[in-house]
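Working notes for the structure below.
Note: hydrogens, waters and symmetry copies are ignored here, and every other heavy atom, side chains too, is used.
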Number of protein chains: 2
Amino acid sequence: MTGIDQRVAGFEGQLRDAGLRMTQQRRLILRVLAEADDHPDAKGIFTRAFAQDPTLSLSTVYRTMKLLETQGAIERHAFEDGVSRYEHADQQHHDHLIDVESGQVVEFSSPEIEALQAKIAAELGYEIVRHRLELYGRKIPAPGKRRGRR
Amino acid sequence: MTGIDQRVAGFEGQLRDAGLRMTQQRRLILRVLAEADDHPDAKGIFTRAFAQDPTLSLSTVYRTMKLLETQGAIERHAFEDGVSRYEHADQQHHDHLIDVESGQVVEFSSPEIEALQAKIAAELGYEIVRHRLELYGRKIPAPGKRRGRR
DNA sequence: TGACAGATGCAACTGGTTTGCAATAGCGTG
DNA sequence: CACGCTATTGCAAACCAGTTGCATCTGTCA
C-alpha cells in the first residue's frame, strides 16, 4: 500500500506547506481519506477514524474536511441526498454516475461532454469556472449474460 | 398576462385532477410560481406570497412545493448552495448555467450532451433515470468591446 | 346547509453542519 | 529539553433548511 502512504505524505505536505500543524487527529483523518476508495460523508469518515481513536470528535472531521477542501487536497460533492461526500483530489477530473438502487457511485470522464459544455457556455457568453454533472441510473441486466466483467 | 393566467389554470387543473383541494393559499402560491421567471427558493416564494396574504405560513409553502413536485407540476433543483429552488415544469427539459458572480441562472439545452450521457451510461451498463448538469461560469466581456481584461 | 376528510398555522423537532469557549498540544525558541 | 505562544481540539449549544404532530379551520360534495 505504498500508494496510500504516499497519498498521506502528499496530504501532510500540503498542510505543512500551508503552515498548518500536523496533529494526531489530522494524521488519522488523512489516512482514512487516503485509504477510502469510495465517496464517504463526514459521518462515514468519522466512524472509520473513531475506530482508531475514540477521542476524535465529529466537529474535528468537519473542520478538517473544510480545511482540506480549501487546500484543494480533497473534493466535496453533494449528490441528490444533500449530504457532502468527499474524495481525494489527486486524480484526474471526472464526473459521477450514481446507481439509484444501490447508491453506488461510478466515476467516468468524457472529454466530448466537457468540450460541448465549453462550447455551450461560450455561446451564452460565459466561460466555465466549474461544473457539476451527475447521472442517476439503473443497472441494465447484461445482455449476453456472459460472466466475468466488473 | 394571459400566459400566467393559463399557467395558473394549468396548475389548478393538475391539482383538481389529483383530487386535491383548491385552497386560498394554494391559489396564491400557484400564482406566485406562475409569475416567477427566476428560480426562487421556498423562502422567496413565501416572501412574495406573504405580501399578498400575511396569514400564510412557510410550512404551507413547503408542503405545497412538495405536493406540486410529486404532481410533476414543478421541478426542484438544488444548486451549489444546497437550498431547493423551484420552477414550473411546463417547458421542455433544460439544464442550467449559473453565473458565479451574480447568481443569475441561465437555461440551456443540448441534445448532443444528452446523447453523450446516454452513451456513456450505456457503456457502463446503466440506463439513465435522470441527471443533473450545472455549469458555473463567469460572463465573458463581449468580444468587440475593447476594455482590457484579465 | 352539514358533515367530514383534507389543509393550515404554529411550534416543536430533525439531521447535517458550524461555532463559541475553555482546555490541550504542536512547534519554534532559548 | 523545557517554555510559551497560538493553532487545534472536544464539547455543547447554535444554526438552518426542511418536516411534522396536533388542534383548528375550510373546501367540497351530498
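Counting any heavy atom pair closer than 4.0 Å across all strands shown, A:Arg27 reaches no nucleic acid atom.
For DNA chain C, the neighbouring residues in residues 49-73 of chain A, judged by any heavy atom under 4.0 Å, are A:Ser59, A:Tyr62, A:Arg63, A:Lys66.
Note: CD1 (B:Ile45) to C1' (D:dA17) measures 14 Å, nearest angstrom. Atom C1' of nucleotide C:dG28 and atom CE of A:Met22 are separated by 17 Å, given to the nearest angstrom. Here D:dA17 presents its P atom at 15 Å from CZ of B:Arg76, a figure rounded to the nearest Å. For the pair B:Asp81 CG and D:dC16 C1', the interatomic distance rounds to 12 Å; values are reported in whole Å. C:dG16 atom P lies 10 Å from atom CZ of A:Arg85, rounded to whole Å. The distance between atom NE2 of A:His77 and atom P of C:dT17, rounded to the nearest whole Å, is 14 Å. Rounded to a whole Å, the NZ atom of B:Lys43 is 14 Å from the C1' atom of D:dT19. Separating the CZ atom of A:Phe46 from the P atom of C:dT18 is a distance of 16 Å, rounded to the nearest angstrom.
Checked against ring-ring contact (aromatic ring centres under 6.0 Å, His included), A:Tyr62 has no partners two or more places apart in sequence or in another chain.
For the pair B:Asp41 and B:Leu20, both in contact range of DNA chain D, the more 5′-proximal nearest nucleotide belongs to B:Asp41. Mapping B:Val83 and B:Gln24 onto DNA chain D by nearest heavy atom places B:Val83 at the nucleotide closer to the 5' end.
Applying the 3.5 Å distance criterion, the base of C:dA7 shares no donor-acceptor pair with the side chain of B:Arg21.
Contact check, B:Ser84 against D:dG18: a side-chain N or O comes under 4.0 Å of OP1 or OP2. Of the side-chain N and O atoms in B:Gln25, none sit less than 4.0 angstrom from OP1 or OP2 of D:dT26.
Between A:Arg48 and A:Asp38, at least one side-chain nitrogen of the basic residue sits less than 4.0 Å from a carboxylate oxygen of the acidic one, meeting the salt-bridge criterion. In this structure, A:Lys139 does not pair ionically with A:Glu101, as no charged nitrogen and carboxylate oxygen lie closer than 4.0 Å.
A donor-acceptor contact shorter than 3.5 Å is absent between the side chain of B:Arg76 and the backbone of B:Ser84.
Ring to ring, B:His131 and B:His93 are close: their centroids are under 6.0 angstrom apart.
Judged purely by distance below 3.5 Å, without hydrogens or angles, the side chains of B:His39 and B:Glu107 pair a donor atom with an acceptor atom. Using modelled atom types, one finds no donor on one side chain facing an acceptor on the other under 3.5 Å when comparing B:Tyr86 with B:Asp41.
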